[in-house]
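Note sheet for the following structure.
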Number of protein chains: 2
Amino acid sequence: MEAVKWLDEDEMRAWHAFLAAGSLIDRLLDAQLKEATGLSHPQYEILVRLADAPDGELRMTELADTLLTSKSGLTYQVTQLEKAGLVARRSCPSDVRGVLAVLTEAGRQRLEQAAPGHVALVRELLIDVLSPGQLAVLADALGEVSRRAAART
Amino acid sequence: MEAVKWLDEDEMRAWHAFLAAGSLIDRLLDAQLKEATGLSHPQYEILVRLADAPDGELRMTELADTLLTSKSGLTYQVTQLEKAGLVARRSCPSDVRGVLAVLTEAGRQRLEQAAPGHVALVRELLIDVLSPGQLAVLADALGEVSRRAAART
DNA sequence: CCGGCATAGTTCAAATTTGAATTACTATTA
DNA sequence: TAATAGTAATTCAAATTTGAACTATGCCGG
């Protein structure tokens, strides 16, 4: 029987705020994106990664790593985006097993159309709510947190 | 046509860290809970709210408000918990339409069994990674963020 | 070159989540 | 008090997510 170190009041406040902020924001962003562009938040994130990548293409596995979804979840979403004509698949030259997801021109346009409203809401919900100092602490602190969490995956 | 205020590098870092930390931690907590106790994270949260409430019972709507799930999602999860014998439903005395979810003795025991491992992981992933100062800033900052986000719901 | 093992991506069934009805009741107002 | 609007919870079908096979390749030591 080990002694459990429960959370004190401040720790509990931080933990609850973290949890609540995470899901509330995610939910609102998803709703805004769907409403304005028909994309879900996961789909939007896929398009962003592809747009940032050289030639607008990435291996499925690379995508799955940076996104926080399972491999099968990614397969599903990429298929949806493919049906919508926003992404195409092509086989990887260096590895026959590999598949590259490529951003199409329509995909790039949809992303450009979606980005302003999305960014505006991110500002409104998170960035502009915080002082520059808070923002810096948050970036450092949560950067370290996510590095460690990612290491356990 | 409005000028879009894009995110600068620091803002982007904060935003990405926030997103990544949120989903990584949620995923790890869910895995730990399932592995150790068979509860999902949403289910665990339901038990916690009930345990904190007077008489271990809450209206469905009250539960749905503090949790970050839809009403139908809550109905589903409470049904699962009911099947497992951890929660019971009883009708609300003051409003015939209402339903009270009540924590059973088995539910309380399961929660007590689950809590230490859960809290330990929350510490390991978040609380103990941060300095007290960072923790305080995080609580303040994200507290305000979630208050505002909740106001938009 | 071969066997054994790791990897890439998909498929499949099952679990979950969602939002839009639906049902049944409460509250308000004229 | 009858009509109307609002609320509580559930049900339903559809979309998504998950993890566990599964298929097909790559890679490495002997």
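Residue numbers begin at 1 in each chain, while the letters A, B, ... track the order of the sequences. Just so it is clear, the model here is predicted, and its values are computed rather than measured. Atom set for the values below is all heavy atoms of this structure, side chains included, hydrogens, waters and symmetry mates excluded.
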Does any pair with a residue in residues 14-24 of chain A pass side chain to side chain donor-acceptor pair (under 3.5 Å), and if so which ones, sequence neighbours excluded?
none

Among residues 51-62 of chain B, which residues get a heavy atom nearer than 4.0 Å to DNA chain D?
B:Arg59, B:Met60, B:Thr61

I'd like to know if B:Arg148 pairs up with A:Glu124 as an ion pair, taking the criterion as any Lys NZ or Arg NE/NH1/NH2 lying under 4.0 Å from an Asp or Glu carboxylate oxygen.
no

B:Arg97 side chain vs B:Cys92 backbone, donor-acceptor pair below 3.5 Å
no

Evaluate the salt bridge (charged side-chain N to carboxylate O under 4.0 Å, His left out) criterion for residues B:Glu9 and B:Arg13: first the C-alpha distance (whole Å), next the side-chain angles of each, then the deciding distance (0.1 Å), finally the verdict.
CA-CA 6 Å; B:Glu9 202 179 319; B:Arg13 265 199 328 128; over 6 Å; no

In a table with atom names and distances, give each donor-acceptor pair under 3.5 Å that connects a side chain of residues 107-120 of chain B to protein atoms at least two apart or in another chain.
from	atom 1	to	atom 2	distance (Å)
B:Gln109	NE2	B:Glu105	OE2	3.4
B:Arg110	NH1	B:Thr37	O	2.9

I would like to know whether B:Arg123 and A:Glu11 meet salt bridge (charged side-chain N to carboxylate O under 4.0 Å, His left out); could you show each step before the answer?
CA-CA 9 Å; B:Arg123 274 203 176 284; A:Glu11 291 167 339; 3.1 Å; yes

Can you tell me if A:Glu144 uses its side chain to pair, donor with acceptor, with the backbone of A:Ala141 under 3.5 Å?
no

By the 4.0 Å heavy-atom rule, please label A:Gly98 as base, sugar-phosphate, or nothing.
sugar-phosphate

Expressed in angstrom and rounded to an integer, what is the separation of B:Lys71 atom NZ from C:dA20 atom P?
14 Å

For side chain to side chain contact (heavy atoms under 4.5 Å, CB included), just list the numbers for B:Leu67 and B:Gln77, CA-CA rounded to whole Å, side-chain angles, deciding distance to a tenth of an Å, and then say yes or no.
CA-CA 12 Å; B:Leu67 301 169; B:Gln77 286 299 351; over 6 Å; no

How many Å lie between NE2 on A:His41 and P on C:dT18, as a whole number?
15 Å

Considering only Ile, Leu, Val, Met, Phe, Trp and Tyr, and joining two whenever side-chain heavy atoms are under 4.5 Å apart, list the other residues clustered with B:Val137.
A:Val137

Residues of residues 18-33 of chain B with any non-hydrogen atom less than 4.0 angstrom from an atom of DNA chain C: list those, numerically ordered, please.
none

Give each protein N/O atom lying under 3.5 Å from an N/O atom of nucleotides 21-24 of chain C, with the pair distance.
none

In whole Å, what is the span from the CD atom of A:Glu82 to the P atom of C:dT10?
9 Å

Does A:Val96 or A:Leu74 map to a spot on DNA chain D nearer the 5' end, using the closest nucleotide for each?
A:Leu74

In whole angstroms, how far is the C1' atom of C:dT17 from the CG atom of B:Leu67?
14 Å

In degrees rounded to 10°, what angle is found between the helical axes fit to the five outermost pairs at each end of the helix from C:dC1-D:dG30 to C:dA30-D:dT1?
30°

Main-chain N/O of B:Leu68 paired with A:Arg27 side-chain donor or acceptor, under 3.5 Å:
yes

For A:Thr79 and B:Asp95, find the nucleotide of DNA chain C closest to each by heavy atoms; which residue's nucleotide sits nearer the 5' end?
A:Thr79

Could you give all pairs that pass the ring pair (Phe, Tyr, Trp, His ring centres under 6.0 Å) test and reach residues 68-98 of chain B, with sequence neighbours left out?
none

Enumerate donor-acceptor pairs with a distance under 3.5 Å from any side-chain N or O in residues 50-59 of chain A to protein atoms, sequence neighbours excluded.
from	atom 1	to	atom 2	distance (Å)
A:Glu57	OE1	A:Arg90	NE	3.1
A:Glu57	OE1	A:Arg90	NH2	3.4
A:Glu57	OE2	A:Arg90	NH2	3.0

Under the rule for side-chain contact (heavy atoms from CB on, under 4.5 Å), what residues qualify as partners of B:Val145, not counting sequence neighbours?
A:Ala21, A:Ile25, A:Leu126, A:Val129, A:Leu130, B:Leu142

Please list each protein N or O that sits under 3.5 Å from an N or O in nucleotides 12-16 of chain D, with the distance.
from	atom 1	to	atom 2	distance (Å)
D:dT16	OP2	A:Tyr76	OH	2.5

With clusters defined by side-chain heavy atoms of hydrophobic residues (ILVMFWY) lying less than 4.5 Å apart, directly or transitively, does B:Leu103 cluster with B:Tyr44?
yes

Can you find a side chain N or O atom of A:Ser70 that sits less than 4.0 Å from OP1 or OP2 on D:dT18?
yes

Judged by atom type as modelled, is there a donor-acceptor pair below 3.5 Å linking the side chain of B:Thr104 to the main-chain atoms of B:Ala88?
no

Sequence neighbours excluded, the answer for side-chain contact (heavy atoms from CB on, under 4.5 Å) partners of B:Asp30 is B:Lys34, B:Ser40, B:His41, B:Pro42

